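Written below as structure tokens is the structure these notes are about.
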2 protein chains.
Amino acid sequence: MKLKSTVATRNTRQKDAIRAAFVETGRPLSPEEVLSYAHRTAADVSIATVYRNLKMLVEEGWLIAVQLPGEPPRYELSGKEHHHHFLCDDCRKVYELEGCVPAIELKLPRGFRAFSHDLLLHGICPACIPKHA
Amino acid sequence: MKLKSTVATRNTRQKDAIRAAFVETGRPLSPEEVLSYAHRTAADVSIATVYRNLKMLVEEGWLIAVQLPGEPPRYELSGKEHHHHFLCDDCRKVYELEGCVPAIELKLPRGFRAFSHDLLLHGICPACIPKHA
DNA sequence: CTGCGTGCAAATGCTTTGCAAAGAC
DNA sequence: GTCTTTGCAAAGCATTTGCACGCAG
């Protein structure tokens with residue numbers, strides 16, 4: 001019955017750098033974005049390690065995967081309440097938005113039963129608006 | 001200046017089978033779904049041909065790509081007005097929904113500018129509800 | 001020390017592409 | 001007959017995994 005009693009997971013320079021990326025940026029990140037941020041503090045992190053750690057952090061409940069239409073997956077800190085996202089069509093950065101539209105139960109044909117929904121807003125983020133002046 | 005004056009595209013058994021899949025099912029289809037339907041009338045269609053034709057049909061404006069979070073792309077007949085989709089969490093089929101939620105402009109932080117949105121409802125479709133009784 | 005975590009490279013799985021042969025017109 | 005389209009197999013990409021070594025505890 002091998003209980004993973006104590007440690008089981010070790011702290012490594014790479015793992016710390018990966019966690020720090022989320023804490024410091026405060027927004028959903030793609031694997032490639034995580035790699036870029038992690039490189040700042042741990043120059044030798046490999047993309048394989050990023051993928052492995054993202055998966056582990058999701059399994060242990062520290063992160064959740066954020067799927068967006070036509071985009072590579074992003075990951076964000078878990079534990080937040082229901083919210084949606086904003087994708088900048090220029091720089092491709094994703095931001096979290098508070099709240100949700102009210103009557104989301106739009107005309108559902110008879111016989112269908114909806115349990116949840118995903119909403120994504122597209123546009124330009126503050127950092128990119130100058131480029132489109 | 002090679003004008004593609006006349007023909008340029010030829011009608012083939014495979015292409016007809018692919019177009020028929022959309023006309024007959026009336027819902028967004030993934031490449032694999034298209035392949036399955038096409039096999040009914042053209043037993044030897046290859047997946048490469050499906051991908052090539054989907055791309056061509058999008059380029060000539062007959063189809064549009066429908067991207068959904070965490071899902072392979074679907075394709076649907078173009079020319080419809082603004083609408084959203086429903087994904088059955090059981091059979092993975094996608095359906096088109098009419099209309100849109102009204103005040104979609106939820107709390108957007110200052111400095112952001114939104115131009116469009118994507119909405120997907122998740123649930124169970126009529127065909128799958130019996131399985132969940 | 002022990003063995004988990006890492007980098008590298010090979011292996012996937014989905015989609016695209018090169019090429020010779022089949023087929024549309 | 002000419003030139004597009006197809007099927008097959010190889011090539012691409014993003015992501016996952018096997019393996020031997022390095023490092024945390």
Side-chain angles (χ1 to χ4, degrees), chain A residues 2-21 28-60 62-75 87 92 94, chain B residues 1-21 28-60 62-75 92 94:
Chain A
K2 178 168 191 302
L3 308 189
K4 298 195 142 187
S5 46
T6 42
V7 234
T9 72
R10 296 176 178 176
N11 283 329
T12 62
R13 194 166 29 86
Q14 293 89 333
K15 189 174 296 185
D16 287 341
I18 290 169
R19 275 187 292 236
L29 301 175
S30 68
E32 285 296 341
E33 287 177 313
V34 172
L35 182 64
S36 298
Y37 279 98
H39 273 165
R40 297 179 180 181
T41 50
D44 60 333
V45 188
S46 74
I47 187 66
T49 292
V50 170
Y51 278 112
R52 266 187 293 238
N53 275 284
L54 290 177
K55 175 172 282 193
M56 295 174 76
L57 290 168
V58 168
E59 285 169 359
E60 65 189 54
W62 196 73
L63 288 179
I64 60 170
V66 177
Q67 301 285 4
L68 304 175
E71 285 290 310
R74 306 300 204 285
Y75 295 84
L87 171 64
R92 300 275 113 190
V94 174
Chain B
M1 297 306 168
K2 177 170 190 302
L3 307 190
K4 297 195 143 187
S5 47
T6 42
V7 233
T9 70
R10 296 175 179 179
N11 285 329
T12 63
R13 193 166 29 87
Q14 294 89 334
K15 188 174 298 184
D16 288 341
I18 290 170
R19 273 187 294 237
L29 301 175
S30 68
E32 285 296 341
E33 287 178 312
V34 172
L35 182 64
S36 296
Y37 278 98
H39 272 166
R40 298 180 180 181
T41 50
D44 60 332
V45 187
S46 73
I47 187 66
T49 293
V50 170
Y51 278 110
R52 266 188 293 237
N53 275 285
L54 289 177
K55 175 173 282 194
M56 295 174 77
L57 290 169
V58 167
E59 285 169 357
E60 64 189 53
W62 197 73
L63 287 179
I64 61 171
V66 177
Q67 301 285 4
L68 304 175
E71 286 290 310
R74 307 299 205 283
Y75 295 84
R92 301 274 114 190
V94 175

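It should be emphasised that the depicted structure is a prediction, and the values quoted were computed from it without experimental measurement.
A:R52 pairs by the salt bridge (charged side-chain N to carboxylate O under 4.0 Å, His left out) definition with nothing, not counting sequence neighbours.
If you take CD of B:E59 and P of D:dT5, they are 12 Å apart, rounded to a whole angstrom. The separation between B:Q67 atom CD and C:dC14 atom C1' is 13 Å, rounded to whole Å. The interatomic distance linking B:L54 (CG) with C:dT16 (P) rounds to 9 Å, in whole Å. The CD-C1' distance, from B:E60 to D:dT4, rounds to 14 Å in whole Å.
The shortest side-chain heavy-atom distance between A:R13 and A:T41 does not fall under the 4.5 Å cut-off.
Listed for the A:H39 side chain is a donor-acceptor partner under 3.5 Å among the backbone atoms of A:V45. A donor-acceptor pair under 3.5 Å is absent between the side-chain atoms of A:K15 and the main chain of A:N53, judged by distance alone.
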Identify all pairs in which a protein N or O lies below 3.5 Å from an N or O of nucleotides 5-12 of chain C, and state each distance.
unit_1, atom_1, unit_2, atom_2, d
C:dG5, OP1, A:R10, N, 3.1
C:dT6, OP1, A:T12, OG1, 2.9
C:dT6, OP2, A:N53, ND2, 3.3
C:dT6, O3', A:Q14, NE2, 3.0
C:dG7, OP1, A:D44, O, 2.5
C:dG7, OP1, A:S46, N, 3.4
C:dG7, OP2, A:S46, N, 3.3
C:dG7, OP2, A:S46, OG, 2.8
C:dG7, OP2, A:T49, OG1, 2.1
C:dG7, N7, A:R52, NH2, 2.8
C:dG7, O6, A:R52, NH1, 3.2
C:dG7, O6, A:R52, NH2, 3.4

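Minimum interatomic distance between A:P31 and A:P73 (heavy atoms only, all atoms of both residues): CD-O, 3.3 Å.
Look at B:D16 and B:R19 and you find a salt bridge, because one of the NZ, NE, NH1 or NH2 atoms lies within 4.0 Å of a carboxylate O, short of that distance.
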